[in-house]
Chemist: 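Please read through the structure below; I'll follow up with questions.
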Amino acid sequence: MSTGVVWFRKCLRLDDNPALLELSRDQSIRAILPIYILDPQVIGNSLDNYGKARIRFLIESLQDLDARLKSRFQSELLIYQGDPLEIFKELVGASGSSIDLIVSEYCSEPHGRKLSQAIEMHFQRKSSSPKVRFHKAVHTLSDLEDTVASAGFKNPKSMKDVRKIFSDRFDSDKEGFLKIPSPVPIPRKLQPLPEKPFYQILPDSSSIRFQSPTSFRDEISNRGLLTTPIHPSPFKGGETEALARLKRKVTGAPDFVNSFRKPKTFSTNQPADPLEPSTTGLSPYLSTGCLSVRRLWEETQKHNRTCEHTQPPESLHGQLLFREMFYLLSRSVDHWDNDVGNSMCKQIDWGDEEEKMQAWEKGLTGFPYIDAMMRQLDATGWMHHLGRHAVSCFLTRGQLWQHWKKGRDVFERKLLDSDWALNNANWLWLSGVAPFSMPYFRLYNPCPDSKSSLNVETKSAQFIKFWIPELENFPPKYIYEPHLAPDSLQSNSKCIIGRDYPNPIVDRKTSAAQNLKTFKLGLKC
DNA sequence: GGATCCGTTGTAGCT
DNA sequence: AAGCTACAACGGATC
C-alpha cells in the first residue's frame, strides 16, 4: 500500500497548505501520515528555547491541528521528537518501504535549508527510496529563492527598495496591488492513516520518540511547563482561532483595515482591555503558520479594492511588505543572526553587564513604561510593535548599552510570534547597527509624555498600573518617573521607590548622551 | 562628484 | 488637544 508523509513544518494549518493539498489529490497515495517534528536544534533539549507562553501556544496549535484532522478527515497528527532526518529514516524502514512520498514546505532559515537538503540527499541515493518534495515558499508573499535570484535583486533597505524589487509584479490596472500566488483551499478529503501502525515506532535509540499531541501535552504539563497563566491570554494557539481572529479583525472589519496606520495603534488608541492588542494580533498565527500570510494579504486586499485606504508603509499591506523585506534579507545576507560576518551589521563594542540584562528582562529597571511592557511580554508572550522598539532601543543604543543579540534571545524565547528572520531584523534595525534608515540620534524616550501627563487617568497610565501593581496608587503625573515623586506622596501611595519598586537603573539623560557619543565614535572605527 | 534629498512610525515646546 | 516647528545631524541614493 502506497503511503505519503506530510510534514508540517512552518504551516500548522489545513488552509493554504499546498503540500497537504497535493498529497490529498494524489490518486496513487492510499494512506497519509500527517506528522510534526519537535527538533531539539530548534526547541532546545528540553524545550528550554521556548518560554512558557510560547510552549502553551505551540501545544494548543498542535492540538488544534490534530482536532481538525480528526473531525474533518478521521486522520490525526503524529508528533515525533528528535532529528528529522533520523526520524524519516526510521519511518521509511519501519514502513517496509511502503512510504512513496514525503512532502513538506520550503524553509528559509539556515537550519531548515540544511535539513531539507540533507533529507533530499539521503533519499536520492536509492531507487527504492521515497520521493521527497519541498513545496515553494508558502510562508512569505513571494518565493524567496526566486526573488533573491532574480535579475537586479539588491538587498532592500527601505520600502522604496521593496517596491523596486516587486515593480514587475504590481497589478497594472489597479496601482499598488502586489500580485501574489493565490492561497489554496482546504482539501475536501484526506487519505486515512495506514492500517498497520508501523509509525508508532520506538527504536532502540532514545533520541527519537513518538507521541500523540495529548500525551505530549500531558508530558509538558507533568514537567511543570504548562502552568495556568496569571492573566488569561488573548491568544489561543491553533488554526481555528487564527481564522476566527482573521474574520473578526480583518474580514469583518473593513473600516479598521482601510484606515489602519501602525503608529496610530499605539498608546493613544489602546483598547479598554489591556490584554487585547490594538492591532490585529495575528502575528503569532503567522509565525507558527496557523494562518497563511497570503490569506491575510488577500483578505486585506478585498477591503482595499472597495474604497479609500491607507498606503504602505503604515497600512496593513505595508506591514506585510516589511515582513517580506526582512525575510528576503534573512535569506540573502549571510550570518543574518550575528554581527560577525554579517555584511549588514556594524560592529559596536557593546557592554556586558548581567545585572542590567536581568533588570531589563524581569521588568525591574525602574522605568515603569519599559518594565510594564517587559512584564507583559513575560506573562502573555506579546507586546505592541512600538513597545518592542522602545524596549530594544532602551536595552541597546538608548540606555543600557547591552548587545542586541542578548535582547534578541529574550524575545526569541518569549514572544509568541518569534520568527528568526524578523526578530533578528528588528534588533539589527533598532539597535542601529544595520544600514536601514535610522538616524542614530533618534531615541525612544522611556518616559514619554512625562511633562504633558495631566492629573487624569490616561490610557498609558492604566496600562502601566495593570502590569506594575506596585504603582497602583500613584498619580499619573509621576507614573513614568515615580522616583521624582515627593516622599509623602510615595508613602501615601504605599510604594516607596527603592524599596517597593526600583530606582531607575541609569540616569536616562546622561546614559543617552554618553551612548550617543560612543555610538558615533564606534561607527567611525 | 558635490549638493541635496530622504528615511515605517522621535522629542520638546509651543499654541 | 492635535498639530506645528525647531532640533538633532547620519549616510546612502539620486541627480
Side-chain angles (χ1 to χ4, degrees), chain A residues 152 154-167 176 259-270 277-280 283 300 309-329 333 343-348 367 369-370 373 383-394 396-399 422 425-461 476 480-481 508-509 511-525:
Chain A
K154 220 178 41 176
N155 290 335
K157 290 171 192 162
S158 67
M159 198 41 43
K160 223 174 166 183
D161 293 344
V162 175
R163 292 195 79 89
K164 216 176 279 174
I165 288 170
F166 293 121
S167 58
S259 62
F260 187 92
R261 294 178 69 192
K262 191 63 171 269
K264 300 279 176 200
T265 59
F266 196 52
S267 65
T268 49
N269 250 333
Q270 293 286 353
S278 55
T279 47
T280 65
S283 56
T300 302
H309 58 87
T310 49
Q311 294 291 331
E314 290 183 323
S315 64
L316 263 185
H317 273 173
Q319 306 306 309
L320 296 179
L321 288 173
F322 268 109
R323 180 179 184 274
E324 196 73 5
M325 169 170 132
F326 286 164
Y327 255 97
L328 286 168
L329 286 170
V333 178
S343 62
M344 278 204 130
C345 180
K346 290 168 202 148
Q347 310 282 325
I348 294 288
F367 290 87
Y369 185 57
I370 300 295
M373 290 188 291
M383 195 194 296
H384 188 281
H385 187 59
L386 288 185
R388 301 178 195 198
H389 282 204
V391 301
S392 48
C393 181
F394 183 87
T396 56
R397 69 198 167 89
Q399 311 293 334
L422 312 181
N426 279 316
W427 280 92
L428 285 164
W429 189 325
L430 264 299
S431 64
V433 293
F436 302 126
S437 37
M438 159 65 77
Y440 72 86
F441 48 84
R442 234 174 231 183
L443 296 185
Y444 290 82
N445 188 350
C447 309
D449 223 21
S450 54
K451 288 278 188 301
S452 63
S453 64
L454 310 165
N455 287 316
V456 290
E457 291 287 329
T458 61
K459 283 274 172 65
S460 35
Y480 293 102
E481 296 182 277
R508 68 185 172 95
K509 285 182 180 153
S511 64
Q514 179 60 47
N515 292 344
L516 210 72
K517 242 201 241 165
T518 320
F519 200 93
K520 198 175 162 186
L521 246 116
L523 291 183
K524 298 266 187 275
C525 309

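Just so we're on the same page: letters track the sequence lines, and every chain starts at 1. Below, each value reflects all heavy atoms present in this structure, side chains not excepted, and no hydrogens, waters or symmetry copies.
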Chemist: Roughly, in whole Å, what's the span from NZ in A:K160 to P in C:dG12?
Modeler: 15 Å
Chemist: State the pairing partner of B:dG2; accept Watson-Crick or G-U wobble contacts with both distances under 3.5 Å, and report none otherwise.
Modeler: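 Paired with C:dC15.
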Chemist: Send over the distance from A:H317 NE2 to B:dT8 P, rounded to a whole Å.
Modeler: 19 Å
Chemist: I want to verify a distance call: between B:dT11, C:dC10, B:dT8, whose nearest atom is closest to the A:K520 side chain?
Modeler: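 Looking only at heavy atoms from C-beta outward on A:K520, the closest nucleotide is C:dC10.
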Chemist: Whole angstroms only, please: what is the NZ-C1' distance between A:K517 and C:dC10?
Modeler: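 From A:K517 NZ to C:dC10 C1': 18 Å.
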Chemist: Looking only at atom P, what distance separates C:dT5 and B:dT8, rounded to whole Å?
Modeler: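 Result for the P pair: 22 Å, nearest Å.
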Chemist: Rounded to the nearest Å, what distance is computed from the CZ atom of residue A:F519 to the C1' atom of nucleotide C:dA9?
Modeler: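 My rounded result for the distance is 14 Å.
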Chemist: Ignoring backbone atoms, establish whether A:K509 has a side-chain N or O less than 4.0 Å from OP1 or OP2 of B:dT11.
Modeler: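 No, no such contact exists.
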Chemist: When you measure from the side chain of A:R323 to the backbone of A:L422, do you find a donor-acceptor pair of N or O atoms at a distance under 3.5 Å?
Modeler: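 It does not hold such a pair.
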Chemist: Over how many whole Å does the gap from A:N155 atom CG to C:dA13 atom C1' extend?
Modeler: 15 Å
Chemist: Would you say that A:L316 contacts A:H309 through its side chain, given a criterion of any heavy-atom pair below 4.5 Å between the two side chains?
Modeler: no
Chemist: Roughly how many Å is it from NZ in A:K346 to P in C:dG12, rounded to a whole number?
Modeler: 7 Å
Chemist: Tell which nucleotide pairs with C:dA8, taking only Watson-Crick or G-U wobble pairs whose two distances are both under 3.5 angstrom.
Modeler: none
Chemist: Counting side-chain heavy atoms from C-beta on, which of B:dG10, B:dA12, B:dT8 comes nearest to A:Y444?
Modeler: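 That would be B:dG10.
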Chemist: Nearest of B:dT9, C:dC10, C:dG12 to any side-chain atom of A:K157?
Modeler: C:dG12
Chemist: When you compare the side chain of A:M373 with that of A:V391, does any pair of heavy atoms fall below 4.5 Å?
Modeler: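 Contact flag for A:V391/A:M373 side chains = yes.
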Chemist: Rounded to the nearest Å, what distance is computed from the NZ atom of residue A:K164 to the P atom of nucleotide B:dG7?
Modeler: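 In whole Å, B:dG7 P and A:K164 NZ are 13 Å from each other.
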Chemist: Is the A:W429 ring parallel, tilted or perpendicular to the A:F326 ring (thresholds 30°, 60°)?
Modeler: perpendicular
Chemist: Using Watson-Crick or G-U wobble geometry with both distances under 3.5 Å, which nucleotide pairs with B:dT9?
Modeler: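 Base partner found: none.
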Chemist: Would you say the side chain of A:F260 lies within less than 4.5 Å of the side chain of A:T300, judging by non-hydrogen atoms?
Modeler: no
Chemist: Measure from CZ on A:R442 to C1' on C:dA9 and round the result to the nearest Å.
Modeler: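 About 11 Å, once rounded to whole Å.
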